[in-house]
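As a basis for the values below, the full set of heavy atoms in this structure was taken, side chains included, without hydrogen atoms, waters or symmetry mates.
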Amino acid sequence: MIIASDKTQVTLFRNKQVYPVYLTIGNLPKELRRKPSQQGNILLGYLPVTRLGHITPLPKRRQAHSELFHYCMSTILKPLEHTGSVGYMLSSGDGVRRRCHPIFAAYVGDYLEQVLITGIKMGECPTCLTPAHSLGEKDT
């Protein structure tokens, strides 16, 4: 199972933002997965979009935002946890029913989502241990 999200502007509603979370499966060809007309993704839900302005210290606000994101994602993905361990009977393309154990395999998101998921500071690399001041150097 591949999860994807990206905060999106909705211009029809006075520049409001929505934060959809989508689900797709890894054995679909990329050509089908990337085209909305092919319906290779399904909408799992929407994450709350809030600035948490009532929390005044900026580090505490960032921490609360991160905790809210992780709590919402764990709630949305909770059914997948049970299905992955117990299994689920599915019919394959050839009509044979098999017990499948879908697992959470990847999360697709832009840099802002990667920062939020990994809990790093803005400007750091979410995939390696390179210090922020060394990013972009040839030998690192």
If you group Ile, Leu, Val, Met, Phe, Trp and Tyr by side-chain heavy-atom gaps below 4.5 Å, do [X] and [Y] land in one group?
{"X": "Met73", "Y": "Leu68", "answer": "no"}
{"X": "Tyr107", "Y": "Ile42", "answer": "yes"}
{"X": "Val86", "Y": "Leu80", "answer": "no"}

Quick one: list whatever passes side-chain hydrogen bond (donor to acceptor under 3.5 Å, both in side chains) with Tyr111, sequence neighbours left out.
none

Can you list everything that forms a side-chain contact (heavy atoms from CB on, under 4.5 Å) with Glu67? Sequence neighbours excluded, please.
Gln63

Can you list everything that forms a side-chain contact (heavy atoms from CB on, under 4.5 Å) with Leu112? Sequence neighbours excluded, please.
Asp110, Met122

Under 3.5 Å donor-acceptor, Ser74 side chain and His70 backbone:
yes

Grab the two heavy atoms, one from Pro102 and one from Thr83, that are nearest each other, plus how far apart they are.
CG-CG2, 3.7 Å

If I compare all heavy atoms of Pro126 with all of Gln114, which pair ends up nearest, and what's the gap?
CG-OE1, 3.0 Å

Salt bridge (Lys or Arg N to Asp or Glu O under 4.0 Å) contacts touching residues 29-43 (sequence neighbours left out):
none

Taking only residues at least two apart or on different chains, which pairs with a member in residues 91-108 satisfy salt bridge (Lys or Arg N to Asp or Glu O under 4.0 Å)?
Asp94-Arg98

Residues two or more places apart in sequence or in another chain: which of them pass salt bridge (Lys or Arg N to Asp or Glu O under 4.0 Å) with Lys78?
Glu81

Just jot down the salt bridge (Lys or Arg N to Asp or Glu O under 4.0 Å) partners of Arg61, sequence neighbours excluded, or say none.
none

If I take atom [atom1] from residue [X] and atom [atom2] from residue [Y], how far apart are they, to the nearest 0.5 angstrom?
{"X": "Thr127", "Y": "Ile120", "atom1": "OG1", "atom2": "CD1", "answer": "8.5 Å"}
{"X": "Asp6", "Y": "Thr8", "atom1": "CG", "atom2": "OG1", "answer": "5.0 Å"}
{"X": "Leu77", "Y": "Met1", "atom1": "CG", "atom2": "CE", "answer": "9.5 Å"}
{"X": "Glu124", "Y": "Thr130", "atom1": "CD", "atom2": "OG1", "answer": "10.5 Å"}
{"X": "Ile76", "Y": "Ser5", "atom1": "CD1", "atom2": "OG", "answer": "9.0 Å"}

Only pairs under 3.5 Å count here: list side-chain donor-acceptor contacts from residues 17-25, not counting sequence neighbours, and write none if there are none.
unit_1 : atom_1 : unit_2 : atom_2 : d
Gln17  : NE2    : Gln9   : OE1    : 2.8
Tyr19  : OH     : Glu113 : OE2    : 3.1
Thr24  : OG1    : Gly40  : O      : 2.7

May I ask you to list the residues sharing a hydrophobic cluster with [X], side-chain cutoff 4.5 Å, ordered by chain and number?
{"X": "Leu129", "value": "none"}
{"X": "Ile2", "value": "Val108"}
{"X": "Leu90", "value": "Tyr88"}

Take atom NE2 of His101 as the centre, draw a 6.0 Å sphere, and report whether it contains more than 12 heavy atoms from other residues, nucleotides or ligands.
yes

Donor-acceptor list for residues 46-58 side chains, cut-off 3.5 Å, not counting sequence neighbours:
unit_1 : atom_1 : unit_2 : atom_2 : d
Thr50  : OG1    : Leu52  : N      : 3.3

